[in-house]
Amino acid sequence: MIDAKTLAGRFPGDFTFGVATAAFQIEGASRADGRKPSIWDAFCNMPGRVHNRDNGDIACDHYNRLEQDLDLIKEMGVEAYRFSIAWPRIIPEGTGPVNEAGLDFYDRLVDGCKARGIKTFATLYHWDLPLLLAGDGGWTARSTAYAFQRYAKTVMNRLGDRLDAVATFNEPWCIVWLSHLYGIHAPGERNMQAALHAMHYMNLAHGLGVEAIRSEAPNVPVGLVLNAASIIPGSDSPADLAAGERAHQFHNGAFFDPVFKGEYPKQFVEALGDRMPVIEDGDLTLISQKLDWWGLNYYTPERVADDAERQGDFPWTVKAPPASDLKTDIGWEIYAPGMKLLVEDLYRRYDLPECYITENGACDNTDVVDGEVDDRMRLEYLGGHLDAVADLIKDGYPVRGYFAWSLMDNFEWAEGYRMRFGLVHVNYETQLRKVKKSGKWYRELAAQFPKGNHKPGQQAI
């Protein structure tokens, strides 16, 4: 086990340690105080979509246990809390009337964090699109980008005076490919043309959102959270290396290139361009506005090899074997060097601002035994990946903070409640919270750092 105090010595004194959650995964209260359904409420009710037909109606009951959970974050000793805001609570139909009760909840959340000395990193969109927007095409419709712009403006007008940082979107890859091409997440579409439309209109919504945020709260650092894939070719053969480049364009370039270069990847567009939506004049200028920071969510590498038979669509790759049998309980390969390789590659390719690791963690389903949760695998996973972050900082990369995923066990999307990522165990029947061994270790690590020295978008002290 990596010693927390020894590891802490590898980080600068202004490094930010935090924990992360998402609204739909923890809040519950799905019909309370004016909230209306999201696409995930509908998806959960469709047979065969979510394990056990689990849903977010109660989840961790965070909506009703807000003060208790904020006390828990304070007790964890971390400096910052990354959370998402539920669009269906703020503008329940996506367009139309603003729901003051929804804004009031996030007022209490932000004020509660401030009262406890906890920095607030808000994410405006973590997948819970208001269901009524799906009737207009959801993310495959250009109009949704403008609905998002109004939602962003509404939130920042209310909360922008107290937020420490804001991200427009969480994990565009999941919003586009996982949800519109592979059909694993809501809305469950399986169509390349739909996915490409969702890609561009979500990218456009990001740009419109940046504009809205800065118009309402110009002093709040704005960023974007991307679950970039750490592409590792299966061999050094020219075919596998070329497959790795195609995989980069598909998994990463579709989102990084328009935001940080103002264009879509050339080979990607050549292969799929006849199915692309119309890119109007000014779209890419909006999308590529300079950001103050960006967030990386990393869990596992993506090993690829060339698909010589060119099955299916671009990028024409197949999975390559993992480097070892080490896996988390959800089946994802454990490979901490993949995070370092990814960050190095992205800074080589793009002119990127400073970075936060906005999600990193392991599914470890160890349960309570004799009143304790000895989740040793998660603890070792966190230690190994934080060691990789420290190596990046030593090599001069501007990584300013780390948010463990997740504060507590929660609704894990298509996996329902059977997969546990939390530093804190949740008994879903009683809602009892219990800090796991990994949570106690992380608390000891965070305790080594002074609070309040760094704000996103600033150079480290």
Taking [Y]'s backbone N and O only, do any of them form a donor-acceptor pair with [X]'s side chain (distance below 3.5 Å, no angle check)?
X	Y	answer
Gln289	Gly207	yes
Glu79	Phe17	no
Asn203	Met199	yes
Asn64	Asp61	no
His206	Met202	no
Ser179	Cys174	yes

Taking the six-membered ring for Trp, are [X] and [Y] parallel (under 30°), tilted (30 to 60°) or perpendicular (over 60°)?
X	Y	value
Tyr299	Phe421	perpendicular
Phe268	Phe314	perpendicular
Phe148	Tyr125	perpendicular
Phe24	Trp413	parallel
His185	Trp127	tilted
Tyr350	Phe260	tilted

- Query: If you measure from CD on Glu216 to OG1 on Thr154, what distance do you get to the nearest 0.5 Å?
  - Reply: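 Reported to 0.5 Å precision, the distance equals 8.0 Å.
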- To the nearest 0.5 angstrom, please state how far the CZ atom of Arg420 sits from the CD atom of Glu415.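 Rounded to the nearest 0.5 Å, the CZ-CD separation comes out at 13.5 Å.
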Using the test side chain to side chain contact (heavy atoms under 4.5 Å, CB included), find all partners of [X] that sit at least two apart in sequence or belong to another chain.
X	value
Ser30	Arg35, Asp41, Asp57
Val318	Ala305, Asp307
Ala23	Glu27, Ser84, Ala86, Tyr106, Asp128
Asn99	Pro92, Ala101

- Query: What residues form a ring-ring contact (aromatic ring centres under 6.0 Å, His included) with Phe403, not counting sequence neighbours?
  - Reply: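 Here the qualifying residues are Phe121.
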- Message: Run the ring-ring contact (aromatic ring centres under 6.0 Å, His included) test against His62 and tell me which residues pass, sequence neighbours left out.
- Response: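 Once residues adjacent in sequence are excluded, His62 has no partner under the ring-ring contact (aromatic ring centres under 6.0 Å, His included) criterion.
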Charged N to carboxylate O below 4.0 Å: is that the case for [X] and [Y]?
X	Y	answer
Arg246	Asp306	yes
Asp164	Lys114	yes
Lys340	Glu344	yes
Arg400	Asp14	no
Arg348	Asp345	yes

- Task: Walk me through it: do Tyr146 and Thr95 pass the test side-chain hydrogen bond (donor to acceptor under 3.5 Å, both in side chains)?
- Result: CA-CA 10 Å; Tyr146 293 93; Thr95 59; over 6 Å; no
- Message: One pair to check against side-chain contact (heavy atoms from CB on, under 4.5 Å): Arg214 and Asp292. What are the steps and the verdict?
- Response: CA-CA 11 Å; Arg214 288 184 170 147; Asp292 300 303; 3.2 Å; yes
- Query: Do you know which two heavy atoms are closest between Ala32 and Tyr63, and how far apart they sit?
  - Reply: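 So the minimum-distance heavy-atom pair works out to CB-CE2, 4.2 Å.
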- Message: Please find the pair of heavy atoms, one from Trp316 and one from Ala271, that lie closest to each other, and give the distance.
- Response: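 Of all heavy-atom pairs spanning Trp316 and Ala271, the closest is CH2-CB, 4.0 Å.
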- Cation-pi geometry met for Arg303 and Tyr335 (6.0 Å, 45°):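 The answer is yes; both the distance and angle limits are met.
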- Query: His200 and Tyr264: side-chain hydrogen bond (donor to acceptor under 3.5 Å, both in side chains), yes or no, with the steps?
  - Reply: CA-CA 10 Å; His200 183 61; Tyr264 284 103; 2.8 Å; yes
- Message: Would you say CD1 of Ile330 has more than 12 non-hydrogen atoms from neighbouring residues, nucleotides or ligands within 6.0 angstrom?
- Response: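 Atom CD1 in Ile330 is packed in, count exceeds 12.
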